[in-house]
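First up is the structure itself, then whatever we jot down about it.
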Amino acid sequence: MPEITNNPNLDSIRIAGTGSYVPEKILTNDDLAKRVDTSDEWIVSRTGIRERRIASDAEATSDLATNAARKAMEQAGVDAEELDLIIVATISPDTFFPATACYVQRNLGAKNAVCFDVSAACSGFLYAMSIARQFISTRSAHKALIIGAEKLSSMVNWEDRNTCVLFGDGAGAAVITRAEGGDSGVMSTYMGSDGNQTDILVVPGGGSACPITPSNAEQRLNTISMQGREVYRYAVTAMRGACDRVMADAKLKSEDISMVIPHQANLRIIDAIRERLDVPQEKMFVNLEKYGNTSAAAIAIALDEANRTGAIKRGDKIVLVAFGAGLTWAAAAIHW
Ligand code: COA
């Protein structure tokens, strides 16, 4: 399977600050049960999700991203003009072009940054981390802002109970700098892809393959289509493999890990990964009950919450692992 793994000869990078933002509006399972044939009991028992956030009409993905970015920059003590790289991971960009990262650049006044988006669905934030790592550890860039941001509510079919209960809106961000001495930093990163599985999780319409027309808009081809069971099966296998790889590269054993921050899609998937890693439940960071699956934003929001609530502390060894459409998967091992 195509994959890009660790280069141990690179300079070390660290996460200097994290931030996150979720919209105010809460949509509960009971709210959804008024729209489609579902129930709080079904959703909680199959996924663990209890509610999700929904952005207002006035909020675009770049607005969510900008709010998260400001918090990460404040924590890192980094001004907008110091940034030389902004990467936004998203599958719900403000527009096909320009990149959402350019809107964020404008919002922040980050006039010295090079900006682009990454499309790797739920693995996007970790893809962005790997990319930023290459630029910073080779000293091509010095202060990078990576963001996972999604307004998935804009591409959900609200009449499809198979998908509409799963997704939500939000953004998370991190400022990445070179690690100046000490042990802390990103120890290993890993990315994988399998383009043979493009069909099992896809928005089929709206792109060049199927431009939107009134008739296919009526068929909701511009919304998320998913084969849930297939996705589930691949997700467990790929995330387990990704954890094994970053832990081996970082020379970490299960007992060394203080916290695993997995993609927040489904509690049962998280449990399956936990069993493989053989870590206790309290070492799996879970917040999906509040936000659902926010794709590229999920790990970024979880990382920020873990950081700000003290669930992860300086010196901890943590593993981040994600899986998403593409298919894509990715992981990182970090000495916090
Ligand atoms: N409420 C009530 N019933 C629902 C429902 C809902 N929201 N969604 C689906 N169902 C029904 C199905 O129609 C099916 O009914 P049927 O047997 O009469 O056809 C039944 O529940 C079982 O569906 P199934 O797909 O077998 O359930 P599942 O146990 O696999 O759970 C998912 C469904 C989507 C929760 C699960 O497959 C999953 O989480 N997959 C991964 C999705 C994911 O993580 N995507 C993002 C990856 S980044």
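Values reported hereafter were calculated over all heavy atoms of this structure, with side chains retained and with hydrogens, waters and symmetry mates removed.
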Check: [Y] and [X] side chains under 4.5 Å, non-hydrogen atoms:
X	Y	result
Met191	Arg245	no
Leu32	Trp158	yes
Asn307	Gln75	yes
Gln264	Val286	yes
Val186	Ser12	no
Lys317	Met187	yes
Cys210	Pro204	no
Ile131	Gln134	no

Let's go through Tyr232 and Asn266 carefully: what are the C-alpha distance in whole Å and the side-chain angles of both, what is the deciding distance for side chain to side chain contact (heavy atoms under 4.5 Å, CB included) to 0.1 Å, and is it a yes or a no?
CA-CA 9 Å; Tyr232 188 104; Asn266 183 313; 4.1 Å; yes
Give a yes or no on this: more than 12 heavy atoms of other residues, nucleotides or ligands lie within 6.0 Å of atom [atom1] of [X].
X	atom1	value
Glu24	CD	no
Phe135	CZ	no
Glu282	CD	yes
Glu74	CD	no

Begin from the C-alpha positions of Val114 and Ile86 and carry the test side chain to side chain contact (heavy atoms under 4.5 Å, CB included) through to its verdict.
CA-CA 6 Å; Val114 169; Ile86 298 177; over 6 Å; no
Consider only side-chain heavy atoms of I, L, V, M, F, W and Y, link residues closer than 4.5 Å, and tell whether [X] and [Y] are in one cluster.
X	Y	answer
Leu221	Val156	no
Tyr127	Ile334	yes
Ile273	Val246	yes
Val203	Val88	no
Ile312	Val175	no

Pick from Asp169, Thr294, Ile147: which one makes a side chain to side chain contact (heavy atoms under 4.5 Å, CB included) with Leu64?
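Among Asp169, Thr294, Ile147, the one that satisfies the side chain to side chain contact (heavy atoms under 4.5 Å, CB included) with Leu64 is Asp169.
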Walk me through it: do Ser20 and Tyr291 pass the test side-chain hydrogen bond (donor to acceptor under 3.5 Å, both in side chains)?
CA-CA 12 Å; Ser20 61; Tyr291 309 127; over 6 Å; no
Has the side chain of [X] got a donor or acceptor atom that lies under 3.5 Å from a matching backbone atom of [Y]?
X	Y	result
Asn112	Leu83	no
Ser45	Trp42	yes
Asp256	Lys253	yes
Glu150	Ile91	yes
Ser92	Lys151	yes
Thr237	Arg233	yes
Asp84	Ala141	no
Asp40	Arg50	no
Arg268	Arg46	yes
Asp278	Glu275	no

Checking side chain to side chain contact (heavy atoms under 4.5 Å, CB included) for the pair Glu82/His142: CA distance, chi angles, key distance, verdict?
CA-CA 9 Å; Glu82 292 177 69; His142 302 280; over 6 Å; no
Looking at [X] and [Y], what are the two nearest heavy atoms and their distance?
X	Y	answer
Ser188	Asp249	CB-CB, 3.7 Å
Glu305	Lys290	OE1-NZ, 3.1 Å
Leu108	Ala80	O-CB, 3.2 Å
Arg274	Val279	CG-O, 3.0 Å
Ala132	Leu85	CA-CD2, 4.2 Å
Ala174	Phe125	CB-CZ, 4.0 Å

Distance from [X] atom [atom1] to [Y] atom [atom2], nearest 0.5 Å?
X	Y	atom1	atom2	result
Thr100	Ile87	OG1	CD1	13.5 Å
Arg14	Ile176	CZ	CD1	10.0 Å
Ile54	Ser153	CD1	OG	5.0 Å
Thr177	Ile15	OG1	CD1	9.5 Å
Leu320	Ile318	CG	CD1	5.0 Å
Gln227	Tyr234	CD	OH	9.5 Å

Do you see a donor-acceptor pair shorter than 3.5 Å between the side chains of Thr189 and Arg133?
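Short answer, yes.
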Under a 3.5 Å cutoff, is there a donor and acceptor pairing between the side chains of Thr61 and Tyr103?
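The criterion, which ignores hydrogens and geometry beyond distance, is not satisfied for Tyr103 and Thr61.
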Sole residue of Glu59, Arg70, Arg53 in side-chain hydrogen bond (donor to acceptor under 3.5 Å, both in side chains) with Tyr21
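That would be Glu59.
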Please identify which of these residues, Asp31, Asn293, Asn29, Thr28, meets the side-chain hydrogen bond (donor to acceptor under 3.5 Å, both in side chains) condition with Arg52.
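Result: among Asp31, Asn293, Asn29, Thr28, Asn29 is the only option passing the side-chain hydrogen bond (donor to acceptor under 3.5 Å, both in side chains) with Arg52.
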Pair Thr90-Ser119, side chain to side chain contact (heavy atoms under 4.5 Å, CB included): steps then yes or no:
CA-CA 6 Å; Thr90 187; Ser119 174; over 6 Å; no
Are the charged groups of Arg240 and Asp244 less than 4.0 angstrom apart, N to O?
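So Arg240 does not pair with Asp244 through a salt bridge.
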Begin with the C-alpha distance, continue with both residues' side-chain angles, and end with the deciding distance and a verdict on side-chain hydrogen bond (donor to acceptor under 3.5 Å, both in side chains) for Asp63 and Thr66.
CA-CA 5 Å; Asp63 297 311; Thr66 303; 5.4 Å; no
Where at least one partner belongs to residues 325-336, residue pairs that pass side chain to side chain donor-acceptor pair (under 3.5 Å), sequence neighbours excluded:
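Qualifying pairs: Ser123-Thr328, Tyr190-Trp329.
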